[in-house]
Every structure is written in C-alpha cells, then in structure tokens.
Participant: 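First, the structure itself, so that you have it in front of you.
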Amino acid sequence: MSVREKPSPLSLGASPCDAGEVALLTIDLAALARNWKLLAERSAPAECAAVVKADAYGLGLEPVMRALLAAGCRTFFVATAAEGVQARAIARDAVLYMFNGAPPGSGPLLLSHELRPVLNSLDEIAEWAALAPGTPAALHIDTGMSRLGVAPPDAGVAAELARGLSLQLVMSHFVSSQQPENRCNDRQIAQFALARAHFPEVAASFANSSGIFLPHRPHLDLVRPGYALYGGNPTPGKPNPMRPVVKLEARILALREIKPGESVGYDATWTASRPSRLAALGLGYADGLPWGVSSGAGAEPLEALVSGFRCPIVGRVSMDAIVLDLTEAPSFIAQRGDFVEILGETTGVDALAERAGTIGYEILTRLGRRYARRYVGG
Ligand SMILES: *Cc1c(COP(=O)(O)O)cnc(C)c1O
C-alpha cells in the first residue's frame, strides 16, 4: 500500500498506518544499499565496513544490517556489548567490532558472541590479552580526540602488550574530517603513520564518512562510514553525494482559520498579521522533532511540504503537535488526514539539523519510537 493513496476521511481502514498512527517514518533500504556501494566504490580497494551503533543511527539495527549484508558488507562496528549481541543474532558470520572495547566484566559475553573489542588503553590491552589470549581484537590509537585510544608515544608498548592477542586492525578517528582544509587532518594522518609502523602486519583504518571524501584519500585497508550511509552529507557546504534514506511525514489533524492578532502555540511566539489558514500536524518534540525548530526569534522557519507547497511551521513545537501556516498555498491543497512531508528530499537531515541548531547525527539518533515505521526497497 502506498501513502500516496489518500484515504477518504470516512474509510478509516484505508489508513496507510496500521493503527491510524499520525506520523510515518519511511526508511529506504535501497537508498541505504546504494549509499554503501557508492562509499565502497570510492574507497576501493579498501574494504567498506558499516557503523551501526545506536540502533543504526536510530533507523533500526535489524533491517539496516540485513540490507547492508545483502549489499555485500561483511564488517560492522557497534558501540556497546548489548548492541554487539543484537548484531550477532542478525549476522552469524559477520565480523563485529565494538568501539567501547571490553569494559570490566564484559569478557564472557564478548567471547561467547565472537565480538571483537576495539581496545582503547594500555590497561585494557593487558587485561584482554590475559583474559582472552590469541583472540582477534582491534586497537585504537588516539591521534587527537583525547577520548578513547592509546596515545601515539605508547604505540610501541601497546604492540608489546598486544603480542598475546591476534590483532586484526589498528585504527584512529578524525577530529574534523568534514573540514578538508583543516590542518588537523594532516597532523593526525602523519601521527597515525608513525604509530602504525609498530604494527606492520596489521590492517589499518582511519576514515569515517567524511574521511572517505578527504583529498588525502586516507582509506587504508578499511573505512568505517556511519552517517553517510543514512543519507547525511559527508561534505558539508557541498552538494550531498548520498541518497536520502529517511522520510518523515505527519498527518494533518485539524485545519482552521484565525484572524489577524490571534497567536499560535505556547507563549504566543507567532501572531497572525493577516487572516491565516493553519494546519495542526500530529508530531512534536516527543517524536524527536527538535523544539529548536519552533518559530520566533527571527530564525528562518522550518518548512514542510504540503502537496508540493512549502509551508512554514509557526509557533512553538509542542510535545505532540506542530502548526503550519498554509495561507500562501492554494486552499484546496490540504485536507484533514493528509500526509505532509517534514523530512525527506526537500528538507534533508542536515537542513533540519541546521534549523534546530544541532547536527544531523542527533536528528537521526533521536528519531522517536512513536512513529509508524515503514521499510521500503528491502
Ligand atoms: C561513530 C564512529 C564512526 C562513524 O562516523 P560517521 O561520521 O558517522 O561516519 C567511525 N569511527 C568511530 C570511532 C566512531 O565512533
């Protein structure tokens, strides 16, 4: 069934949402697979892995992993052991790494599910080598994040400690790979090259999504994209080479007209200056639409697409609702029950994030659990 078939207001059974839900998140698995292939082609002969931490950036671990497996992806990165266990149930034969390493007590779980820790400190290497000698693992060299990973001067000691393991990967992570001009990239690449010399036999990985597009081509043996797979722009300020994966639509719950001087929403941040035609939509900040896209404060309003017409959000985002101003659009375009596009081809993840004063990563990972979810192209 297609959401484009508008249900008549009386035939409730014809709703595209199973239980008459008012907001619909469509996740295009074919676009996801295309994005992975594009990144893989760009990075070849390096292997293209996929970062699926945080429930595949909020899009659903299982459908996302199945689509990527079908596209040819064989190596996945998650953050936590719990995510690793879930991922192992989906992909019996895949190589699974955990960015958070092997926190104390996680050993039995990691071993029984064949999860490879990305070891993040000298202590952790020593502990894991004692607990799980000979097992495959990765090592993180910290070249600038000051977060996780062994400092480059300790790379030699790390190599000694890791002798008892079967190191499969040495990796590092960019600080500002979305800024190709940033000198930090050059410094990090140089530092990593020195540290890697202690691991001449081990495969190496550096690039996240934006790293894949750096002019340095730091693809090494394996790349680790996340955001770009899900349609985020890895080259901010330039056209997005990725296909949009996520579409968010919400239904019009009510249409109404207000007079000049009447206001909309909490704290009356928007007041009509002319007779205005409004539509209330059934989604709000509890669904992951940031409160920061509320209108007021002079910022450019977010626009939603109503039958092809861009209509601005007016007033504050509430918990379960937003209001659109349809005054500029022809009066026949909208009916109660119609779906309106909030996020998709017109306003992408990056554009929505910019309006909300955040990053697209946060928009994706906060997509709520309340939407009806539909996977297409699988
Ligand atoms: C999240 C993460 C990635 C993926 O980054 P994107 O910018 O989403 O491509 C790669 N490596 C590490 C260490 C990460 O934490």
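Excluded from the calculations below are hydrogen atoms, water molecules and symmetry mates; all remaining heavy atoms, backbone and side chain alike, are included. Ligands are counted one by one from 1 in listed order, and the atoms in each one are counted from 1 as well.
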Participant: State yes or no: are the ring centers of Phe99 and Phe77 separated by less than 6.0 Å?
Facilitator: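 For Phe99 and Phe77, the ring centres are under 6.0 Å apart.
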Participant: Got Leu248 and Leu24 here, is their nearest side-chain heavy-atom distance under 4.5 Å?
Facilitator: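 A side-chain contact under 4.5 Å is absent here.
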Participant: Does CZ in Arg183 sit with more than 12 non-hydrogen atoms of other residues, nucleotides or ligands closer than 6.0 Å?
Facilitator: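 12 or below, so no.
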Participant: Please indicate whether Met145 has more than 12 foreign heavy atoms, meaning atoms of other residues, nucleotides or ligands, lying under 6.0 Å from its CE.
Facilitator: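 Counting neighbours around CE of Met145, more than 12 heavy atoms of other residues, nucleotides or ligands fall under 6.0 Å, so yes.
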Participant: Could you check whether any side-chain heavy atom of Arg224 comes within less than 4.5 Å of a side-chain heavy atom of His173, counting everything from C-beta outward?
Facilitator: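 Yes, side chains in contact.
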Participant: If you count only heavy atoms, which residues are under 4.0 Å from ligand 1?
Facilitator: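 Lining ligand 1 at under 4.0 Å, by heavy atoms, one finds Val51, Lys53, Tyr57, Phe99, Arg147, Met171, His173, Asn208, Ser209, Arg224, Pro225, Gly226, Tyr227, Tyr361.
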Participant: Are any of the side-chain heavy atoms of Val245 and Asn35 separated by less than 4.5 Å?
Facilitator: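 Yes, at least one pair of side-chain atoms sits under 4.5 Å.
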